[in-house]
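Step one of this worksheet: look at the structure below.
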Amino acid sequence: MPLEKARDSGVRAFLNFDIWGGMTGTVPLTLVAAVARNGALGKDNAIPWRAPSDLKRFREITWGRPLIMGRKTYQSIGKPLPGRETLVVTRDPDFLAGERPDHLHVAGDFDSAMAQASLLAKSMHAAEVILAGGAALYRLGLPRASYLRLTLVDCAPEADAFFPEVDWERWRETWRERPERGPNDEVALEYVDYQRL
């Protein structure tokens, strides 16, 4: 099943649309992550592999959607990503206390970020809220997630950040693709999407 069809068919099932085309109800949460064979996400606030093909997939999945991430994840990127509304979760009240870049929002905790992201999703007519890390936020988000969009990375690097344990009995695989390795990818990738049962 093509990526767009798999993404839209599953996500739309969780939404209700009124006669004016507006969304009602809860906007689903999707966790998007690149995970190594050993569960690794990163080391020293950096991704321990190079895979431009996965960055392209990340852009396709997250474009036009609110994007929740932790402060360290945001600092590793360094700026709000274009085409998205970025919500940074931090307990630091002085984080970006001065002039804030456009399309950047700050929340003091995960619940506040989810509330803001849901409002943003509705105003953007986005079908989902994306959680993009790091490890602590994935742990908080996993019990609330409706979807997982994972890139399985064929390596097992040293790491200090890991994806949380998943009870796979509660998830159904909806799509899988093993793309051709890109010329600048250091590792082989496999894309797998899951929907909560």
Side-chain angles (χ1 to χ4, degrees), residues 26-36 38-52 54-121 123-124 126-153 155 157-167 171 193-194 196:
T26 304
V27 180
L29 176 65
T30 299
L31 273 59
V32 178
V35 184
N38 61 349
L41 295 168
K43 181 172 171 54
D44 299 328
N45 206 30
I47 298 171
W49 55 79
R50 189 171 171 345
D54 185 51
L55 297 178
K56 181 180 177 188
R57 171 177 153 85
F58 180 82
R59 182 175 190 242
E60 290 171 357
I61 291 171
T62 62
W63 192 265
R65 291 163 170 78
L67 188 62
I68 298 173
M69 64 181 67
R71 177 186 53 80
K72 290 179 183 177
T73 301
Y74 174 77
Q75 288 175 323
S76 72
I77 296 169
K79 62 181 180 181
L81 295 171
R84 290 146 279 202
E85 295 291 327
T86 302
L87 287 114
V88 178
V89 180
T90 178
R91 290 184 296 267
D92 179 359
D94 296 325
F95 180 71
L96 296 176
E99 190 172 322
R100 188 172 298 158
D102 290 340
H103 309 289
L104 181 66
H105 313 267
V106 177
D109 58 54
F110 185 64
D111 288 333
S112 298
M114 285 294 298
Q116 286 184 57
S118 291
L119 291 173
L120 281 169
S123 71
M124 299 165 70
E128 60 193 327
V129 170
I130 303 293
L131 178 56
L137 288 185
Y138 285 137
R139 283 191 298 277
L140 291 172
L142 184 60
R144 300 183 192 190
S146 298
Y147 301 94
L148 304 177
R149 308 286 302 276
L150 302 180
T151 298
L152 306 180
V153 183
C155 64
E158 279 189 36
D160 54 20
F162 294 87
F163 198 75
E165 288 288 324
V166 177
D167 179 358
W171 297 90
D193 294 350
Y194 299 91
R196 185 179 292 280

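- To the nearest 0.5 Å, the span separating CE on Met69 from CD1 on Ile77 amounts to 4.0 Å.
- Taking the side chain as every heavy atom from C-beta outward, Leu67 and Leu87 never approach each other to under 4.5 Å.
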Yes or no on side chain to side chain contact (heavy atoms under 4.5 Å, CB included) for Val106 and Tyr74, after CA distance, side-chain angles and deciding distance? CA-CA 11 Å; Val106 177; Tyr74 174 77; over 6 Å; no
Verdict with reasoning, Phe110 to Leu131, per side chain to side chain contact (heavy atoms under 4.5 Å, CB included): CA-CA 10 Å; Phe110 185 64; Leu131 178 56; 4.1 Å; yes
May I have the step-by-step check of side chain to side chain contact (heavy atoms under 4.5 Å, CB included) for Leu81 and Thr62, ending in yes or no? CA-CA 10 Å; Leu81 295 171; Thr62 62; 5.5 Å; no
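- Side-chain atoms of Asn38 come within 3.5 Å of backbone atoms of Ala40 as a donor-acceptor pair (strictly under, hydrogens ignored).
- Sorted by first and then second residue, the salt bridge (charged side-chain N to carboxylate O under 4.0 Å, His left out) pairs with a member in residues 131-145 read Asp111-Arg144; sequence neighbours excluded.
- Of all heavy-atom pairs spanning Ala121 and Val27, the tightest one is CB-CG1, 3.8 Å.
- Judged purely by atom type and a 3.5 angstrom limit, Arg71 has no side-chain atom pairing as donor or acceptor with the backbone of Val88.
- A donor and an acceptor atom, one from each side chain of Arg149 and Thr30, are nowhere located under 3.5 Å apart.
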Between Tyr147 and Asp193, is a side chain to side chain contact (heavy atoms under 4.5 Å, CB included) present by the stated rule, with each step listed? CA-CA 7 Å; Tyr147 301 94; Asp193 294 350; over 6 Å; no
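- The nearest pair of heavy atoms linking Pro80 to Thr86 is CA-OG1, 4.0 Å.
- Scanning all heavy atoms of the two residues, the minimum distance from Pro66 to Met124 falls at CD-SD, 3.8 Å.
- Distance alone, capped at 3.5 Å, is enough to place a donor-acceptor pair between the Ser118 side chain and the Met114 backbone.
- The nearest pair of heavy atoms linking Tyr138 to Ala33 is OH-CB, 3.4 Å.
- With sequence neighbours left out, the side-chain hydrogen bond (donor to acceptor under 3.5 Å, both in side chains) criterion links Asp109 to Ser112.
- With a 4.5 Å cut-off on side-chain heavy atoms, His103 and Pro101 do not count as touching.
- The distance from the CD atom of Glu165 to the CZ atom of Phe163 is 10.5 Å, given to the nearest 0.5 Å.
- Shortest non-hydrogen contact noted between Thr151 and Arg57 is OG1-NE, 3.4 Å.
- Separating the CD1 atom in Ile130 from the CG atom in Leu29 is a distance of 8.0 Å, to the nearest 0.5 Å.
- Looking at heavy atoms from C-beta onward, Val35 lies out of side-chain contact with Val153 at the 4.5 angstrom threshold.
- Distance check, rounded to the nearest 0.5 Å: CD1 of Ile47 to CG of Asp54 gives 7.5 Å.
- Tested against Leu137 for a side chain to side chain contact (heavy atoms under 4.5 Å, CB included), the candidates Leu31, Leu142, Ile68 yield a single pass: Ile68.
- Note that OG of Ser146 and CD of Glu128 are 9.5 Å apart. Values are rounded to the nearest 0.5 Å.
- Side-chain atoms of His105 and Gln116 include no donor-acceptor pair closer than 3.5 Å.
- Within 6.0 Å of NZ in Lys43 there are more than 12 heavy atoms belonging to other residues, nucleotides or ligands.
- Residues satisfying the side-chain hydrogen bond (donor to acceptor under 3.5 Å, both in side chains) test with Asp167, not counting sequence neighbours, are Arg170.
- Across every non-hydrogen atom of Pro93 and Arg91, the tightest pair is CD-O, 3.1 Å.
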